[in-house]
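Working notes, structure below.
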Amino acid sequence: MSRIPTHTVEGAPDASRPFLQKIAQSSPTGRPLNLHAQMAHSPAVLAAYTSLRAVIAEHGTLDPKVSWALNLAIAGTVGNDYMMGIASRFARMNGWTDAQITALRTGATTGDTRIHALTDLVREAAAHSGKVTDATWKVAQQAGWSDEQLAEAFAYLGLTVFTGYFLNYAETDSDI
């Protein structure tokens, strides 16, 4: 059972309503998901989440297929079924097969060594408080990831860990 109340746009704290309205407008269901509706209980939490998403959308350079691979790898490490469900759905929409989605969630290879090097990097970072070994870093560099792309991968790490930890913390009921 969820620990934090789930709000509607109309019932959310005043400071959260504009964020929830914007989320509802871009949602395929026309309403915020439970994770957004619970984050709305604290305008600071919802503002932090939407800010991270907006900054990545505006300044990110990684292809959406790559970004969802990162999200899946991190979600699998964080260990939240709701987050893995969301990431799986978007990964599928961005061209990943069901077998590749399973591989990304579990750390197996998708057959793409370049993607595997980057997902191993963020998976290791997620499991070790942001720390990665020099060997893992070098493998990602040797796979062709630039320093800018490796730095940007951290933004996905931050967003996915933030989201997954909130879902675990709040025990959010899945609605996907």
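- Among all heavy-atom pairs drawn from Asp98 and Arg92, the shortest one is OD1-NE, 2.7 Å.
- The hydrophobic cluster containing Trp68 also contains Ile176, counting ILVMFWY residues as joined when their side-chain heavy atoms lie under 4.5 angstrom apart, directly or transitively.
- Atom CD1 in Ile74 sits 10.0 Å away from atom OH in Tyr156 (nearest 0.5 Å).
- Hydrophobic clustering (side-chain heavy atoms under 4.5 Å, transitive across Ile, Leu, Val, Met, Phe, Trp, Tyr) groups Met93 together with Leu104.
- Grouping the Ile, Leu, Val, Met, Phe, Trp and Tyr side chains by contacts below 4.5 angstrom, directly or via other members, places Met84 apart from Leu159.
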**Request:** List the steps, then state whether ring-ring contact (aromatic ring centres under 6.0 Å, His included) holds for Phe19 with His36.
**Result:** CA-CA 9 Å; Phe19 297 112; His36 306 122; over 10 Å; no
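- Checked options Val161, Val78, Asn71; the residue passing with Met83 is Asn71 (criterion: side-chain contact (heavy atoms from CB on, under 4.5 Å)).
- Taking every heavy atom of both residues into account, Gln149 and Leu62 meet most closely at CG-CD2, 3.8 Å.
- Separating the CE atom in Met39 from the OG1 atom in Thr163 is a distance of 4.5 Å, to the nearest 0.5 Å.
- The shortest non-hydrogen separation linking Gln141 to Asp147 is NE2-OD1, 3.2 Å.
- Within the 4.5 Å cutoff, no side-chain heavy atoms of Val45 are placed close to those of Tyr169.
- At least one donor-acceptor pair closer than 3.5 Å links the side chain of Ser67 to the backbone N or O of Pro64.
- The shortest heavy-atom contact between Thr77 and Ala126 is CG2-CB, 3.8 Å.
- Atoms CG and OG1, on Leu35 and Thr172 in that order, are 6.5 Å from each other to the nearest 0.5 Å.
- A pairwise comparison of heavy atoms in Ser27 and Thr29 identifies OG-OG1, 2.9 Å as the closest pair.
- Counting heavy-atom neighbours within 6.0 Å of Arg114 CZ, excluding the residue itself, gives a total above 12.
- Partners of Phe162 according to the ring pair (Phe, Tyr, Trp, His ring centres under 6.0 Å) rule, which considers only residues two or more places apart in sequence or in another chain, do not exist here.
- At least one donor-acceptor pair under 3.5 Å links the side chain of Arg17 to the backbone N or O of Ala12.
- Thr119 contributes a side-chain N or O that, together with a main-chain N or O of Ile115, makes up a donor-acceptor pair within less than 3.5 Å.
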**Evaluation steps, side chain to side chain donor-acceptor pair (under 3.5 Å), between Asn80 and Tyr165** = CA-CA 8 Å; Asn80 183 277; Tyr165 277 21; over 6 Å; no
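- Side chain of Glu152 to main chain of Thr61: a donor-acceptor pair is present (N/O by atom type, distance under 3.5 Å, no hydrogens or angles).
- Surrounding CG of Asp81 are at most 12 heavy atoms belonging to other residues, nucleotides or ligands under 6.0 Å away.
- Going from atom CG of Leu157 over to atom CG of Leu70 covers 9.0 Å, rounded to the nearest 0.5 Å.
- Note: Glu171 CD to Ile4 CD1 = 10.0 Å, rounded to the nearest 0.5 Å.
- Nearest heavy atom pair, residue Ala140 against residue Ala117, reads CA-CB, 3.9 Å.
- Here the NZ-CG distance, from Lys138 to Leu121, works out to 13.5 Å after rounding to the nearest 0.5 Å.
- The main-chain N or O of Ile23 is found under 3.5 Å from a side-chain atom of Ser26 such that the two form a donor-acceptor pair.
- Residues Leu72 and Ser88 are in side-chain contact: their nearest non-hydrogen atoms beyond the backbone lie under 4.5 Å apart.
- Counted within 6.0 Å of NZ on Lys65, heavy atoms from surrounding residues, nucleotides or ligands total more than 12; the atom is thus considered enclosed.
- Between His116 and Asp112, the side chains place no donor N or O within less than 3.5 Å of an acceptor N or O (distance only, hydrogens not considered).
- Put simply, Val139 and Leu150 are part of two different groups of oily side chains (I, L, V, M, F, W, Y) that touch within less than 4.5 Å, one to the next.
- At least one donor-acceptor pair closer than 3.5 Å links the side chain of Ser2 to the backbone N or O of Asp173.
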